[in-house]
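Model, not experiment: these values are computed from the prediction. Residue numbering restarts at 1 for every chain, and letters A, B, ... go by the order of the sequence lines.
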Protein chains: 2
Amino acid sequence: MTGSVWKALAEDNRRQILLLLREHDMFPSELAKHFDTTLAAVSTNLRILKDADLIKETREGQKKRYSINPKKTLEIKEFFDKMWGHNLEGLKEFVESKE
Amino acid sequence: MTGSVWKALAEDNRRQILLLLREHDMFPSELAKHFDTTLAAVSTNLRILKDADLIKETREGQKKRYSINPKKTLEIKEFFDKMWGHNLEGLKEFVESKE
DNA sequence: TAAATATTTAAATAGTTCTTTAATTATCAT
DNA sequence: ATGATAATTAAAGAACTATTTAAATATTTA
């Protein structure tokens with residue numbers, strides 16, 4: 001059931017969906033306006049993101065509201081840490097530039 | 001020429017190669033021992049990682065030494081920041097625990 | 001219950017990716 | 001140059017992905 005986070009992130013439109021949902025929750029029909037594809041294609045991508053636990057859905061009347069799932073970032077974060085977490089100079093710099 | 005970093009990271013064996021190379025540089029034949037595939041398959045994955053600028057190669061006699069490219073992490077880092085960079089608490093904590 | 005709206009799922013297809021074996025290129029040592 | 005070693009590339013096929021149109025499901029409203 002739980003799909004690969006990495007495969008989910010590997011596609012441009014899906015990463016774009018995530019960035020859009022980070023701005024604010026949206027319905028599929030609303031999201032579809034931002035893309036040059038069909039609603040059906042967006043719906044499929046939403047399913048893939050949901051299977052990877054990157055987003056959540058909640059029914060709201062006849063609509064379905066999609067939102068970022070703030071939890072399940074773990075797998076990608078873990079790889080990121082293992083891979084590049086050591087390079088503390090740059091990371092520390094980045095963190096501090098935000099403070 | 002430059003392939004997608006995300007597609008490159010989307011495959012298990014390739015992420016494994018990156019983690020192995022992070023330990024220390026390796027030759028293709030050496031890497032292949034860690035996998036249940038052919039040398040040709042490893043070689044293809046190395047090309048994909050190189051096209052994504054995630055690794056570097058340097059010839060060393062008849063062999064080719066592969067190593068992590070510490071630079072080009074930018075694209076994935078940028079997305080990571082945009083998407084989850086807000087959660088600075090955890091990131092900062094991690095950085096400081098290493099100091 | 002029937003019509004309207006919102007979204008998902010199915011079927012089909014085109015395109016991409018991964019893996020394998022076999023052939024090829026490159027370097028080194030004699 | 002020849003033979004040996006190291007690695008890449010080519011060709012072929014299987015497996016997977018993404019997109020589309022059309023049909024199906026779920027919910028609301030009349």
Any side-chain N or O of B:Arg59 below 4.0 angstrom from OP1/OP2 of C:dT27? yes
Whole-Å gap separating C1' (D:dA7) and NZ (B:Lys33): 14 Å
At 4.0 Å (heavy atoms only), tell me whether A:Thr38 reaches a base, stays on the sugar-phosphate, or touches nothing. base
Per atom distances to the B:Gln62 side chain, the nearest of D:dT5, C:dT8, D:dT8 is D:dT5
Looking at side-chain heavy atoms only, is the closest gap between A:Ile48 and A:Lys7 below 4.5 Å? no
In whole Å, I'd like the distance from the CZ atom of A:Phe27 to the P atom of C:dT7. 7 Å
Pairing of B:Asp53 and B:Lys50 as salt bridge, 4.0 angstrom limit: no
Which part of the nucleic acid, if any, lies within contact of B:Tyr66, taking any heavy atom under 4.0 Å across all strands shown: a base, the sugar-phosphate backbone alone, or nothing? sugar-phosphate
Please give, in whole Å, the distance from D:dT27 P to A:Glu60 CD? 14 Å
Mind checking B:Arg14 for me? I need base, sugar-phosphate or nothing, with any heavy atom below 4.0 Å counting as a touch. sugar-phosphate
B:Asn13 side-chain N/O to C:dT19 phosphate OP1/OP2 under 4.0 Å: yes
Indicate every side-chain donor-acceptor pair of residues 24-42 of chain A with a distance under 3.5 Å to a residue at least two apart or in another chain.
residue	atom	partner	partner atom	Å
A:Glu30	OE1	A:Phe27	N	3.2
A:His34	ND1	A:Glu30	O	3.4
A:Thr38	OG1	A:Ala41	N	3.1

Should B:Thr44 be listed as having a side-chain N or O under 4.0 Å from OP1 or OP2 of D:dT9? no
Just the rounded figure in Å: distance from C1' of C:dC18 to CZ of B:Arg47. 11 Å
Residue closer to the 5' end of DNA chain C, A:Leu39 versus B:Ala10 (nearest nucleotide): A:Leu39
Is the backbone of B:Leu9 close enough, under 3.5 Å, to the side chain of B:Arg14 for a donor and an acceptor to pair up by distance? no
Please tell me which of A:Gly61 and B:Lys7 maps to the more 5' nucleotide of DNA chain D, matching each residue to the nucleotide holding its nearest heavy atom. B:Lys7
Whole angstrom value for the distance that separates C1' of C:dT17 from CD1 of B:Ile48: 8 Å
Using atom CG of A:Asn45 as one end and atom C1' of C:dT7 as the other, report the distance to the nearest whole Å. 14 Å
Just wondering, do A:Glu57 and A:Leu46 contact through their side chains at under 4.5 Å, heavy atoms? no
